[in-house]
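Bear in mind that the values here come from a model prediction, so they are computed numbers and not experimental data. For the single chain, residues carry numbers from 1 onward in sequence order.
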Amino acid sequence: MQVLQSKLLLEKEITLYLKRDDLLPTIPTGNKFRKLKYNLIKAKKEGIGQLLSFGGAYSNHLYALAAAAKEYEFQAIGIIRGEEHLPLNPTLQFVVDQGMQLHYVDRSIYRQKYDPAFLAQWKEKWGNYYLIPEGGTNTLALKGSGEIITEAQQQIPSTSINYWTVACGTGGTMAGLIHGADGKGQLLGFSVLKGDFLVKEITHLLQQSSSKTYQNWQLIQDYHFGGYAKFKPALISFINAFKQTHQIALDPIYNGKHLYGLFDLIEKDYFPKGSTIVSIHTGGLQGIQGFNQRFGHLIF
Ligand SMILES: *Cc1c(COP(=O)(O)O)cnc(C)c1O
């Protein structure tokens with residue numbers, strides 16, 4: 001946990017903590033570890049030695065899954081959307097180096113990946129496996145993500161936290177935080193993709209794992225920069241300036257957009273003076289290398 005200092009924060013009388021899940025002492029780090037944790041424990045308990053999951057070619061989730069599989073002694077299968085491109089990009093090279101077996105499927109098959117016929121066919125081909133959904137989001141992922149709240153509260157015990165903020169992709173981490181906060185404080189999720197489905201998705205995830213309903217959260221949809229993995233020069237400048245000011249790297253897919261949006265809201269007096277905010281740095285820094293390779297060396 002780290003307090004951020006800047007002229008703007010001082011002027012607006014905002015205390016901003018960054019919960020550094022990018023620096024977790026676990027393998028892997030970041031929210032993808034939080035989401036995997038109880039799934040790995042369950043797979044071990046059930047004696048299943050192989051994990052299977054899905055992702056795109058730059059997936060933070062598969063990156064984390066491959067590292068976790070190696071560390072905790074699982075076999076791992078990654079089903080990749082699209083065709084194989086050689087040489088492998090840095091993300092896929094890493095997962096292969098960890099021992100993950102890759103299978104490429106075309107987009108129409110990928111879309112039907114939870115179809116029982118496919119799941120059974122894969123079991124026949126590769127043996128029994130523990131299925132982890134795309135992005136790692138399921139009920140057990142919410143349990144792991146919720147632990148961020150208790151951990152943060154222990155790290156600043158005498159502070160009352162008014163706001164929690166986080167980047168949202170599938171919404172699993174956000175749902176876990178809402179559940180973990182149990183009605184206390186306000187939670188803001190910054191959507192990194194276009195579209196309205198996330199509010200429904202988060203609500204649905206919460207219903208699956210809790211009998212309570214929560215009103216103390218909101219999805220901010222103004223900072224997706226055109227959609228998933230899309231960007232504009234202003235985002236890149238922000239990420240590079242943030243690194244220079246705070247010595248903290250942000251990935252352009254999730255945390256760059258999250259913190260850009262957060263600082264914009266602070267600038268616009270969204271938060272009352274005297275507020276304490278805890279923002280979750282969810283990691284994802286592995287993505288910077290692949291991003292730079294694709295788009296030119298934009299991020300320092
Ligand atoms: C996946 C991911 C998120 C979003 O998490 P969801 O649970 O899918 O909403 C945020 N930050 C990083 C770095 C991620 O890899």
Side-chain angles (χ1 to χ4, degrees), residues 21-22 30-32 34-35 53-65 78-83 85 89-92 95 104-114 132-138 141 145 165-177 188-205 218-239 249-262 264 279-296 298-299:
D21 263 17
D22 57 320
N31 74 324
K32 294 302 188 285
R34 301 278 187 186
K35 295 167 81 171
S53 196
F54 313 95
Y58 294 90
S59 167
N60 287 339
H61 165 60
L62 290 183
Y63 187 95
L65 186 68
I79 310 250
I80 312 293
R81 182 185 57 228
E83 286 164 14
H85 293 283
N89 74 42
T91 304
L92 293 183
V95 306
Y104 296 84
V105 300
D106 69 37
R107 279 157 202 272
S108 70
I109 293 179
Y110 191 86
R111 243 177 277 129
Q112 304 169 56
K113 57 190 172 295
Y114 301 123
I132 298 181
E134 185 175 34
T137 292
N138 58 14
S145 305
T165 72
V166 74
C168 296
T170 64
T173 307
M174 175 70 172
L177 294 176
L188 302 185
F190 289 75
S191 177
V192 304
L193 15 85
K194 237 192 206 133
D196 246 0
F197 64 96
L198 256 184
V199 170
K200 248 194 225 149
E201 187 56 31
I202 292 167
T203 308
H204 177 67
L205 287 166
Q218 199 188 335
L219 190 72
I220 308 281
Q221 307 196 53
D222 306 326
Y223 302 101
H224 57 64
F225 287 89
Y228 186 75
K230 301 264 169 36
F231 64 94
K232 297 199 166 79
L235 176 66
I236 305 300
S237 313
F238 174 82
I239 289 170
L250 302 173
D251 73 290
I253 314 294
Y254 293 102
N255 292 289
K257 292 181 181 180
H258 162 209
L259 287 182
Y260 180 101
L262 175 68
D264 194 51
S279 295
I280 322 298
H281 189 321
T282 48
L285 299 177
Q286 69 91 15
I288 293 176
Q289 203 190 343
F291 182 89
N292 276 341
Q293 213 176 66
R294 256 194 302 173
F295 299 113
L298 296 177
I299 298 173

Quiz prompt | Thr282 versus Asn255, side-chain donor and acceptor atoms under 3.5 Å | solution = yes

Rounded to the nearest 0.5 angstrom, the CG-CG distance for Asp21 and Asn31 is 7.5 Å

request  = Verify the neighbour count for atom CD of Gln112: are there more than 12 heavy atoms of other residues, nucleotides or ligands below 6.0 Å?
outcome  = yes

- When you look at CD of Gln289, are more than 12 heavy atoms from neighbouring residues, nucleotides or ligands closer to it than 6.0 Å? no

Ring centres of Tyr114 and Phe54 under 6.0 Å apart?
yes

Could you please spell out the steps behind the side-chain contact (heavy atoms from CB on, under 4.5 Å) verdict for Leu62 and Ile80? CA-CA 9 Å; Leu62 290 183; Ile80 312 293; 3.4 Å; yes

Query raised in the report: Does some side-chain heavy atom of Leu193 sit less than 4.5 Å from a side-chain heavy atom of His224?
Result: no

Closest non-hydrogen contact found for Ser145 with Leu177 is O-CD2, 3.7 Å

Is a donor from one side chain sitting under 3.5 angstrom from an acceptor on the other, for Tyr110 and Glu134? yes

Take atom CG of Asp222 as the centre, draw a 6.0 Å sphere, and report whether it contains more than 12 heavy atoms from other residues, nucleotides or ligands. yes

field: Worked check of side chain to side chain donor-acceptor pair (under 3.5 Å) between Thr170 and Glu201
entry: CA-CA 8 Å; Thr170 64; Glu201 187 56 31; over 6 Å; no

Interatomic distance, CG@Leu219 vs CG@Leu198, rounded to 0.5 Å, equals 5.5 Å

* After noting the C-alpha distance and the side-chain angles of Tyr254 and Asn60, does the key distance pass the side-chain contact (heavy atoms from CB on, under 4.5 Å) rule? -> CA-CA 10 Å; Tyr254 293 102; Asn60 287 339; 3.6 Å; yes

Scanning both residues in full, the closest heavy-atom pair of Tyr223 with Asp264 reads OH-OD2, 2.7 Å

- Task: Take the angle between the ring planes of His258 and Phe190 and call it parallel below 30°, perpendicular above 60°, tilted in between.
- Result: tilted

Check: Just wondering, do Pro252 and Phe231 contact through their side chains at under 4.5 Å, heavy atoms?
Finding: no

Less than 4.5 Å apart, side chain to side chain, heavy atoms only: is that true for His85 and Leu92? no

The reported gap from CG in Leu298 to CD1 in Ile288 (rounded to nearest 0.5 angstrom) is 11.5 Å

*Verdict with reasoning, Lys32 to Leu65, per side-chain contact (heavy atoms from CB on, under 4.5 Å)*: CA-CA 8 Å; Lys32 294 302 188 285; Leu65 186 68; over 6 Å; no

Tell me whether Ser53 contacts the main-chain N or O of Pro133 through its side chain, where contact means a donor paired with an acceptor under 3.5 Å. yes

Answer whether the closest heavy-atom distance between the side chains of Lys113 and Val105 falls below 4.5 Å.
no

Would you mind reporting whether Asp251 and Phe291 have side-chain heavy atoms less than 4.5 Å apart? no

Q.
Treating Lys257 as the side-chain partner and Phe225 as the backbone partner, does any N or O pair qualify as donor plus acceptor under 3.5 Å?
A. no

